[in-house]
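Both backbone and side-chain heavy atoms feed into the values below; hydrogens, waters and symmetry mates do not.
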Amino acid sequence: EDELVRSNAAFALGCLAFHTEVDLSSHYPELLTALSPLFSNQTLPNTVDNAAGAVARLILARPNAVPLDQVLPTFTNALPLKADFEENQPVFDCIFQLFNANNSFVLGNLPQFLHIFTQVLSENDQLKEATRAHLIELIRHLNTQSPELNISSSELARFL
């Protein structure tokens, strides 16, 4: 019942799934079902952030075990994170992995991702330096590969 406990449980679940040597992928449907309610109607921003971090860790650990077409819309709508910026590490590692895999959801929703990128890059305390550098590299790549996105005439132009 306590939201702080739910938030911490989401964090722990994600860490367990990411770091365990045991294949938990057969439990992913139950884990994702348990995380789903944490993405809405939460008064503690950390709860949503930790749920997003947990989903990112599940995807990073076993991407083929996650129904990405069902999970990514909710995951993406929770971004950018609001309070627990430490969770940006797994979240952006997951996003980078999805871009590297040419995930159809990510490629079909580039404007939404560019908006998220603009928001996190506008605040210096949201990303660790290595993640920030990797994100800027991704933006430069997207600008080269997809000039129709008009990144060079957006708020992201300063990173090109």
Side-chain angles (χ1 to χ4, degrees), residues 3-40 42-110 112-142 156 159:
E3 195 168 345
L4 184 57
V5 172
R6 288 194 304 272
S7 177
N8 290 336
F11 173 75
L13 184 142
C15 288
L16 173 67
F18 185 73
H19 292 288
T20 186
E21 294 180 17
V22 176
D23 183 357
L24 298 177
S25 59
S26 65
H27 299 284
Y28 273 30
E30 293 89 356
L31 298 176
L32 291 165
T33 299
L35 289 168
S36 181
L38 302 183
F39 283 92
S40 58
Q42 303 298 316
T43 56
L44 187 65
N46 284 34
T47 304
V48 178
D49 292 354
N50 284 337
V55 168
R57 287 179 176 96
L58 288 169
I59 294 169
L60 288 165
R62 304 259 184 220
N64 295 331
V66 178
L68 295 174
D69 56 332
Q70 296 171 24
V71 171
L72 289 178
T74 301
F75 172 75
T76 306
N77 286 336
L79 304 178
L81 301 181
K82 311 295 184 277
D84 191 350
F85 299 141
E86 288 296 316
E87 290 302 287
N88 270 327
Q89 188 67 48
V91 164
F92 277 90
D93 286 348
C94 176
I95 289 170
F96 298 146
Q97 179 174 300
L98 292 167
F99 269 97
N100 286 337
N102 293 315
N103 176 271
S104 60
F105 177 85
V106 170
L107 297 178
N109 291 279
L110 286 174
Q112 183 178 6
F113 281 94
L114 292 175
H115 181 70
I116 293 165
F117 299 166
T118 300
Q119 291 179 294
V120 298
L121 288 170
S122 295
E123 297 180 34
N124 289 331
D125 62 340
Q126 286 214 20
L127 301 173
K128 292 183 179 175
E129 196 53 46
T131 303
R132 185 180 189 81
H134 193 168
L135 181 55
I136 291 169
E137 182 182 311
L138 173 60
I139 292 166
R140 290 176 178 158
H141 173 77
L142 289 172
L156 293 171
F159 299 106

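For the pair Ile136/Arg140, a side-chain contact is recorded, criterion being any heavy-atom separation below 4.5 Å from C-beta on. Leu98 is listed as a side-chain neighbour of Leu72, based on a closest heavy-atom distance under 4.5 Å.
Take Phe113 and apply the ring-ring contact (aromatic ring centres under 6.0 Å, His included) test, not counting sequence neighbours, and it matches Phe99. Annotation: side chain to side chain contact (heavy atoms under 4.5 Å, CB included) contacts of Val5 (sequence neighbours excluded): Asp2. Arg62 pairs by the side chain to side chain contact (heavy atoms under 4.5 Å, CB included) definition with Asp23, Ser25, Tyr28, Ala65, not counting sequence neighbours. Partners of Pro73 by side chain to side chain contact (heavy atoms under 4.5 Å, CB included), not counting sequence neighbours, listed by chain and number: Phe105.
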- Task: Evaluate the criterion side chain to side chain contact (heavy atoms under 4.5 Å, CB included) for residue pair Val55 and Phe39; output intermediate values, then yes/no.
- Result: CA-CA 11 Å; Val55 168; Phe39 283 92; 3.8 Å; yes
- Task: Go through the steps to decide whether Leu81 and Val120 satisfy the test side chain to side chain contact (heavy atoms under 4.5 Å, CB included), and finish with yes or no.
- Result: CA-CA 8 Å; Leu81 301 181; Val120 298; over 6 Å; no
- Message: Evaluate Ile116 against Leu114 for side chain to side chain contact (heavy atoms under 4.5 Å, CB included), listing each step before the verdict.
- Response: CA-CA 5 Å; Ile116 293 165; Leu114 292 175; over 6 Å; no
- Would you sort out whether Thr131 and Asn88 count as a side chain to side chain contact (heavy atoms under 4.5 Å, CB included), showing the intermediate values? CA-CA 9 Å; Thr131 303; Asn88 270 327; 5.8 Å; no
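The salt bridge (Lys or Arg N to Asp or Glu O under 4.0 Å) contacts involving residues 123-137 comprise Glu86-Lys128, where partners must be two or more places apart or lie in separate chains. Residue pairs meeting the side chain to side chain donor-acceptor pair (under 3.5 Å) criterion with at least one member in residues 47-58, sequence neighbours excluded, are Glu3-Thr47, Ser7-Asn50, Arg57-Glu87.
Annotation: the span from Leu142 atom CG to Leu107 atom CG amounts to 8.5 Å, rounded to 0.5 Å. Summarising the geometry, atom CZ belonging to Phe75 is positioned 5.5 Å from atom CD1 belonging to Ile59; distances are rounded to the nearest 0.5 Å. The CD atom of Gln112 sits 5.5 Å away from the OG1 atom of Thr76 when rounded to the nearest 0.5 Å. For the atom pair CD of Gln126 and CD of Gln119, the computed distance is 8.0 Å after rounding to the nearest 0.5 Å. Interatomic distance, Leu4 CG to Asn46 CG, rounded to the nearest 0.5 Å: 8.0 Å. Rounded to the nearest 0.5 Å, atoms CG (Leu13) and CG (Leu31) are 5.0 Å apart.
Contact between Ala34 and Pro37 at its shortest, heavy atoms only, is O-CD, 3.3 Å. Leu58 and Ala17 make their closest contact through CD2-CB, 3.3 Å (heavy atoms, listed as atom of the first residue, atom of the second, distance). Across every non-hydrogen atom of Phe96 and Leu135, the tightest pair is CZ-N, 3.6 Å. Contact detail for Val48 and Ala78: the closest heavy-atom pair is CG1-CB, 3.7 Å. Here the closest non-hydrogen pair linking Pro45 and Ala83 is CB-CB, 3.8 Å. Taking all atoms of both residues into account, the shortest heavy-atom contact from Ala51 to Leu38 is CB-CB, 3.8 Å.
Residue-environment remark: NE2 (His115) stays at or below the threshold of 12 foreign heavy atoms within 6.0 Å.
Aromatic pair Phe92/His134: ring centres not closer than 6.0 Å.
Checked by atom type and distance alone, the side chain of Asn103 pairs as donor or acceptor with a backbone atom of Val106 at under 3.5 Å. Here the side chain of Ser122 pairs a donor or acceptor atom with the backbone of Thr118 at under 3.5 angstrom.
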